[in-house]
Amino acid sequence: MRNANALGAATSPYLRQHAGNPVHWQEWSEDALAWARERDVPILLSVGYAACHWCHVMAHESFEDDDTALVMNDNFVCIKVDREERPDIDALYMNATVAMTGQGGWPMTCFLTPAAEPFYCGTYYPKTARGGMPSFTQVLLAIAQTWRDRREDVQEAATGAVDALRQNADALPAGEFEVNAELLDHAVAAVLRDEDRTHGGFGGAPKFPPSALLEGLIRNFERTGAPQVWEAVHRTAEAMARGGIYDQLAGGFARYAVDTTWTVPHFEKMLYDNAQLLRVYGHLARRSGSLLAHRVAEETAEFLLTDLITEAGGFASALDADTVVDPAAEGVEGATYVWTPGELAGELGPADGNWAAELFAVTTAGTFEHGTSVLQLPVDPTDAPRMARVRAAMREVRNRRPQPARDDKVIAAWNGMAVNALAEAGASLGHAEWVQAAARCARHLLDVHVTDGRVRRASLGGTVGTADGVLEDYAWLATGLLALHQATGESDWLAQAQEILDAAISHFADPDEPGGWFDTADDAEVLVLRPRDPIDGATPAGASSLAEALLTASCLADPDAAARYGELADATLRRASVVLARAPRSAGQWLAVAEAAIRGPLQVAVSLGEDGDTGLLAEARSYAPGGAVIVGGRADSTPLLVDRPLVEDAAAAYVCRGFVCDRPVLTVEDLREALAR
């Protein structure tokens, strides 16, 4: 029934949060757009996500208010979209919002013609006017009046907005710069100029974890040995790990810090951040031997496997920023996580309470709101057993508090990131249980999210949604499967990865621009334009993500398929050269992939005998640079092991760079020397 709220049957927990609103919310659909045409009214598009603090605030203030809902229902067709379920819609109208206002964010509030063309966009609007911002009702009434009385002006604005979006949706130029060591070192130098050398990170507040960028910088250091790169990585990684953005009791990172010192987080915990950061800290741990990096990698993996794992083996999208303390009131941001000195003393006793307050920087003045403090760990304690005991006691206390809600929606791309990180870090750090968890998740994705060779974006409770997968879903699922193939030696993962990659090539490639990729499939729902965005953000771009999958597959597949994947990876990277040259801070994933590419990429095939791994495979996994492709198994068991037999009945490692191979090595010492060349 159109004149009612239609979100009760949604597969998105975020949409279901709004099912009880008096607003007649509709899901995005052709039927909803047709209703706007029939009524001859604009569309009010509201985009957010379940863990978003200000989304909850606007919902509580306006969407739950009967008077506001009446204005919305009378003058608009109101459509609610979960940005995580429909990233294509989110990206399209976020670009319009940024173009119109100079900034973006969530909640996003856009007014569209019935043809879905944006003509007025904004973000959060308060219930009552304040701070120079009009009230939401004022905005609604003004838009409704403009639609009635100045329709030509509305259409002119909409046409201009769509034209501007189309101009920015062209493919990147091909080969403007050569992807070589000089370009990558230029990109890294530009990034380092933006480093906050005092507090770590890049740029000012708010500070987001530069996950993909850190991975790219580590790989650059592994090639160049440049000390300034290594120092920048360590400053940022340590500052985040010791700051309030990291959960000092249970592991896992919040989405960003509101300040320059990483002290006060925006408390939601996203799967995509923690999957990417597990990869980074796992890489840092094996490269540096840092105990802090090792601990953070282990705790972040534990956070995934404890707090985000779903019953079926996939990973939930997020933990909410807010905690509902009073069911009759809106949620309170950070309520689960913050402490006062008095609480610590009361729960732990004066001695341990005072010790914990000093250790975790909990002060009387507080570092957050109302005299509370977010836990930090400026230095490691000398008394490790006491630390373990106090942390366990604090965790027990915290578990008794109201907890943030969890968005149980399983996103294909983010789960692919988790599979990749768990398989990669598990293999290199010796955690077989992480690899097993990655395999279970991958099997869930293949069983639930892949239908007739095509990937669906999201599922809830084992039921897949209707939203088609976008490019990043295909890319990260393939990358995760390729990581599992390397971690386990099982050929089925490689075969499944190639099927996903081949589908991506068939449906997302720009036929007129080799190496150019759209973010939506050629047979997906038609929006006002077909989106593509080559810029890496909180999650890497679909194209840069696919570049990694293509490059890795070019080393693992049989020769004919490998050649095809390699050519596409090269063409994709050539188009990315302009991003690396001109916007390197927004090219972290591109940097990581390009660093792997200019190494050959590096391939290590370890031929194993009946005795299994004699140390060569473990050494390759712990010592090879990021982006190296590593497989161990019986000779001829996979394409990378074809014609690579045992040597003198002993396990042998074959090290190649691109199409050039060293002689096989039989000892760990010789392998390390070969990898260092």
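No hydrogens, no waters, no symmetry mates; every other heavy atom, side chains included, goes into these values. Just so you know, residue 1 is the first one in the sequence shown, and it goes up from there.
Asp322 and His56 are not linked by any side-chain donor-acceptor pair at a separation below 3.5 angstrom, with hydrogens and angles left out of the test. Side-chain atoms of Ser12 and Asp82 form a donor-acceptor pair, as typed in the model, at a separation below 3.5 Å. Donor-acceptor pairing under 3.5 Å is recorded for the side chains of Ser545 and Trp476. Looking only at atom types and distance, the side chain of Glu61 has no donor-acceptor partner in the side chain of Tyr125 under 3.5 Å away.
In this structure, Ser373 contributes its side chain and Thr367 its backbone to a donor-acceptor pair below 3.5 Å. Judged purely by atom type and a 3.5 angstrom limit, Arg83 has no side-chain atom pairing as donor or acceptor with the backbone of Val47. The main-chain N or O of Val233 is never found under 3.5 Å from a side-chain atom of Thr236 such that the two would form a donor-acceptor pair. Between the Gln403 side chain and the Arg398 main chain, a donor and an acceptor come within less than 3.5 Å of each other. Between the Thr323 side chain and the Val325 main chain, no donor and acceptor come within less than 3.5 Å of each other. A donor-acceptor contact shorter than 3.5 Å is absent between the side chain of Trp414 and the backbone of Ala316.
Just one residue in the list Lys409, Glu268, Glu84 forms a side chain to side chain donor-acceptor pair (under 3.5 Å) with Tyr49, and that residue is Glu268. Applying side chain to side chain contact (heavy atoms under 4.5 Å, CB included) to Thr300 and the options Asp247, Asp273, Leu278, Val280 leaves one that passes, Leu278.
Between Phe253 and Tyr281, the ring planes lie parallel to each other; the angle is under 30°, not in the 30° to 60° tilted range. Aromatic ring pairs are classed by plane angle as parallel below 30°, tilted from 30° to 60° and perpendicular above 60°; the pair His431 and Trp434 is parallel.
Counting heavy atoms from C-beta on, the side chains of Leu344 and Met394 come closer than 4.5 Å.
Summarising the geometry, atom OG belonging to Ser428 is positioned 15.0 Å from atom OH belonging to Tyr623; distances are rounded to the nearest 0.5 Å.
Geometric assessment of Arg235 against the ring of Trp262 yields a negative cation-pi assignment under the 6.0 Å and 45° thresholds.
Atom CZ of Arg395 has more than 12 heavy atoms from other residues, nucleotides or ligands within 6.0 Å.
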